[in-house]
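Reading through the structure tokens given below for one structure.
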Amino acid sequence: MKQLLLREWVQYKSATGWSMLWIWVIYLIAFIIGGSNMLFMLLYLPVIMGYSVMLNIRQQGEAVRQGSEDFLLPVPLGRVIRARYLFIFGVFLLSSVLVTGVVAVGRLLGDISIDPLMVFGSCMGINGIMLDISMPLLYRWGAARSRIYMILVLAVSASVGAMASIMLEFGMGQTGHGLSANVGCLAGAVLAWCLSPLSVCWTVKMYRKGGVDHEKKPILEG
Amino acid sequence: MLAVQVQDLKKDYGGFVVKIPRLELPEGYVTGLVGKNGSGKTTLIRMLLGLIPKTSGTAKLLDGEMGQNPALRSQVGFVSETPYFLPTLTTGQVHDTLSPFYADWDEALYQQMMQDFEVPNIRIKQLSKGQSKIFTFIMALCCCPRLLILDEPTANLDPSARHKLIGYLRRFMEEEEHTVLYSTHITGDLEDICDYLVGMEHGQVLYSGEKDAILDSYLMVQGPVQLLTPDTLGVFCGVERSGVGFTGLTDRPEEARALFGREAQYRRPTIEELIVYREGVR
């Protein structure tokens, strides 16, 4: 598993590493100039998290397109996919912790009234839902064809995000009302990630069903 | 022992079907897989490797089916028509991430081949098509597989690189238990090194067996075009007229010799002629 995770890291780093780094650099510059006001948080944080997810999907799409390597590795396909999920979980966790950290700093400075735990729960929950749904679709139809389905997944995730935003807007994360909102967000995140083993099984099944031939076109070049 | 064992194998794409009732290839030999574009060679290879699901039947490599036996995968090396490594990785990163999975990885051979073929440590997408193909070949060979499956390994290679690659392949075959399944359109590569031949067309195996036996069962006939009459034409699988003469392939050598006698010239066909003339050029 360690070697598989290392493989994921090297692939991720080579495909998306610099993009993510630049996003954070731009964010920090914006943070320094604009400060951690509420509007900025509400606009920029979903962009960061969304982009993080999209980068992962793009990276996964590339991996699916090159799929032969996954099928030829002398380890069970299920283990390859489990390592991929575990790695993505790690990436999402890190992104969520960073975002939560920024919110926590803003709260300490008195610029923001949002509860960091609620932000953490929302971020992890949205990412968990996206991952659980998008991975099996991606591994069944490949990046090109699953684009339509991905729009639906994004719509669902955006709805969840919008709900979280509304909750934030109405100040449910503030002291006094925060406990139920925090618990709700964190419970949602835990539920989403608890469902991921099912998603892993579904992905492996879909991957085997499609093989490397995701686009369902005959391989005629030979 | 058999390196490849296929029974009632079928892949149905709707408009295109690959159907192979039976195919057995022995271990320890080089088998050439030939046929026109779209004959189903790559589909067969992908089914053997478990890269695409089969509609029905069994496709065994060495001791079992690739899709169900992860341990078997370390004994099979594959050079695909298009390289399958992530294009954003460097050759060094591909080596670092994949080599630990193979217990018998030959690092000395890897270093030697990388130097010999002058493959740079740059991103896969920055390599030329030929360099990508060579790198895939190096990675496949350094896993020390028992069975090496090559799908157009010499396409896009310059003559020098092609010569070196064939040289490494010959060295690989010095080990008795090593087997190569070699699919190519460059049939000149196969003339010297292959022992067995499998010919495919329209998703079916047309012929399979020892190369010499297959080629000996055909005969190339050359002679003046006057020899071609409606009666004699029927003896040929394919004929090509050129000016005053003709060249034809027949699968009835004795009958052809009896028909044309000393007025025609006879020789054994090459693999390329077998493929070209079997199409029935007239």
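Below, chain A is the first sequence line, B the second, and so on; all start at residue 1.
Ranked by heavy-atom pairs under 4.5 Å with chain A, the list Pro100(B), Gly15(B), Gly203(B) is led by Pro100(B). Among the candidates Phe101(B), Phe78(B), Tyr102(B), the residue making the largest number of heavy-atom pairs closer than 4.5 Å to chain A is Phe101(B). Across Asp96(B), Leu98(B), Leu49(B), the residue that shares the most heavy-atom pairs under 4.5 angstrom with chain A is Leu98(B). For chain B, the option among Leu6(A), Leu4(A), Leu73(A) with the highest count of heavy-atom pairs below 4.5 Å is Leu73(A).
Test Thr187(B), Leu206(B), Leu197(B) against Leu274(B) for side chain to side chain contact (heavy atoms under 4.5 Å, CB included) and you get one pass: Leu197(B).
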Full working for side-chain hydrogen bond (donor to acceptor under 3.5 Å, both in side chains) between Tyr85(A) and Thr203(A): CA-CA 10 Å; Tyr85(A) 268 75; Thr203(A) 301; 2.7 Å; yes
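Residues forming a salt bridge (Lys or Arg N to Asp or Glu O under 4.0 Å) with Arg162(B) (at least two apart in sequence, or on another chain): Asp189(B).
Outside the 6.0 Å centre-distance limit, the rings of Phe137(B) and Tyr168(B) are not counted as a close aromatic pair.
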